[in-house]
Amino acid sequence: MSTHDTSVLRLTQYTQADVREILGTGEDPFGVADTGLTWLPKEEHFGLRHEGRLVAHAGLRRLPVSVEGSDLTEVVGLGGVAVAPDVRGRGLARRIVTAALSHARTMGPPHALLFCRPPLVPLYERLGWHAIAAESPVRVEQPGDRVVTMPLRTLVTPLHENARWPEGAIRLRSLPM
């Protein structure tokens with residue numbers, strides 16, 4: 001499969017069947033079930049198809065956020081990034097994330113934010129994301145009015161020229177995406 005065999009599409013929906021089409025039938029396709037977190041669905045979806053099969057996905061959602069000592073009020077959350085195991089290593093993660101971020105730049109907020117398992121940090125850093133320092137806790141909302149520290153790594157990337165991520169404790173004022 002060459003990268004020319006696939007094109008990025010805007011998806012009108014992204015279902016559990018789509019997740020299974022990309023990642024198979026495992027019980028924890030994203031490897032985050034052990035966090036015990038409740039996640040928000042994404043609002044915007046992008047996919048890559050190859051020979052009619054959905055092989056990659058990335059989703060976006062605008063989210064309220066506050067950073068101590070800053071007037072930052074909103075970010076675009078990137079999540080649900082998935083590439084089918086049999087087509088990994090072919091640049092599809094770069095293509096799907098790049099397409100999603102291109103759209104994110106039209107959504108208004110100055111930064112995109114994502115949460116990922118530590119082994120994936122180098123991949124996102126190669127795509128231009130920057131890890132938030134481990135000593136800067138990121139707090140997220142959970143059901144029952146709970147606020148918990150995000151156990152996954154948090155990464156950000158600017159969506160607009162001259163956007164600078166502020167220093168300080170981060171509070172996502174919603175469930176994570």
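Here the structure is a predicted model, which means the values were calculated and not measured.
Phe115 and Leu60 end up in different hydrophobic clusters when Ile, Leu, Val, Met, Phe, Trp and Tyr side chains are linked at under 4.5 Å. Linking Ile, Leu, Val, Met, Phe, Trp and Tyr residues whenever their side-chain heavy atoms come within less than 4.5 Å leaves Leu11 and Val87 in two separate clusters. Cluster annotation: Val138 and Leu40 are assigned to the same hydrophobic cluster (Ile/Leu/Val/Met/Phe/Trp/Tyr, side-chain heavy-atom contacts under 4.5 Å, transitive). Val97 and Ile22 are assigned to two separate hydrophobic clusters, defined by single-linkage of ILVMFWY side chains at heavy-atom distances under 4.5 Å. Grouping the Ile, Leu, Val, Met, Phe, Trp and Tyr side chains by contacts below 4.5 angstrom, directly or via other members, places Val75 with Met177.
For the residue pair Ser66 / Arg173, a side-chain donor-acceptor distance below 3.5 Å is found, with atom types taken as modelled.
Residues in residues 144-166 take part in no salt bridge (Lys or Arg N to Asp or Glu O under 4.0 Å) pair, two or more places apart or across chains. Listed by first and then second residue, the salt bridge (Lys or Arg N to Asp or Glu O under 4.0 Å) pairs involving residues 73-87 are Arg53-Asp86, Arg62-Glu74 (not counting sequence neighbours). Each salt bridge (Lys or Arg N to Asp or Glu O under 4.0 Å) pair with one or both residues in residues 25-39, not counting sequence neighbours, would appear here, but there are none. Screening residues 110-134 for salt bridge (Lys or Arg N to Asp or Glu O under 4.0 Å), with sequence neighbours left out, gives no hits.
With rounding to the nearest 0.5 angstrom, the OG atom of Ser70 is 10.5 Å from the CD atom of Glu167. Within the model, atoms CG of Leu48 and CD1 of Ile96 stand 4.0 Å from one another, a figure rounded to the nearest 0.5 Å.
Checked against Cys116 for a side chain to side chain contact (heavy atoms under 4.5 Å, CB included), the options Leu155, Leu152, Thr154 give a single hit: Leu155. Put simply, the residue from Ile132, Ile170, Leu172, Leu37 that forms a side chain to side chain contact (heavy atoms under 4.5 Å, CB included) with Met150 is Leu37.
Checked by atom type and distance alone, the side chain of Thr157 pairs as donor or acceptor with a backbone atom of Gly128 at under 3.5 Å. Remark: the backbone N or O of Val147 is paired with a side-chain donor or acceptor of Arg139 at under 3.5 angstrom. No side-chain donor-acceptor contact under 3.5 Å links Thr98 to the backbone of Arg95.
Val67 approaches Gly168 most closely through the heavy-atom pair CG1-O, 3.7 Å. The two residues Pro29 and Val19 have their closest heavy-atom pair at CG-CG1, 3.9 Å. When all heavy atoms of Leu78 and Leu114 are compared, the closest pair comes out as O-CB, 3.4 Å. Smallest separation of non-hydrogen atoms from Val121 and Ala131: CG1-CB, 4.5 Å. Of all heavy-atom pairs between Gly47 and Leu54, the closest is CA-CD1, 4.0 Å. When all heavy atoms of Ala99 and Val8 are compared, the closest pair comes out as CB-CG1, 3.4 Å.
Leu101 is listed as a side-chain neighbour of Trp129, based on a closest heavy-atom distance under 4.5 Å. The shortest distance between side-chain heavy atoms of Pro151 and Thr149 does not fall below 4.5 Å. At least one side-chain heavy atom of Leu72 sits under 4.5 Å from a side-chain heavy atom of Pro110. Here the side chains of Val76 and Leu159 are in contact, with some heavy-atom distance below 4.5 Å.
For His45, the side chain to side chain donor-acceptor pair (under 3.5 Å) criterion is met by His57, not counting sequence neighbours. For Arg171, the side chain to side chain donor-acceptor pair (under 3.5 Å) criterion is met by Glu141, not counting sequence neighbours. Scanning for ring pair (Phe, Tyr, Trp, His ring centres under 6.0 Å) contacts around His103 gives Phe46, with sequence neighbours left out. In this structure Thr38 satisfies the side-chain contact (heavy atoms from CB on, under 4.5 Å) test together with Gln142, Pro143, Leu175, sequence neighbours excluded. Listed by chain and residue number, nothing satisfies the side chain to side chain donor-acceptor pair (under 3.5 Å) test with Arg94 (two or more places apart in sequence, or in another chain). Residues satisfying the ring pair (Phe, Tyr, Trp, His ring centres under 6.0 Å) criterion with Trp165, sequence neighbours excluded, are His111. When the salt bridge (Lys or Arg N to Asp or Glu O under 4.0 Å) test is applied to Glu68, no partner is found at least two apart in sequence or on another chain. Considering only residues two or more places apart in sequence or on other chains, Glu21 meets the side chain to side chain donor-acceptor pair (under 3.5 Å) condition with none of them.
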*When you look at Val55 and Leu92, which way does the side chain to side chain contact (heavy atoms under 4.5 Å, CB included) test go after all the steps?*
CA-CA 9 Å; Val55 295; Leu92 299 183; 4.1 Å; yes
*Kindly indicate, with the supporting measurements, whether the criterion side chain to side chain contact (heavy atoms under 4.5 Å, CB included) is fulfilled by Val140 and Trp39.*
CA-CA 10 Å; Val140 301; Trp39 300 85; over 6 Å; no
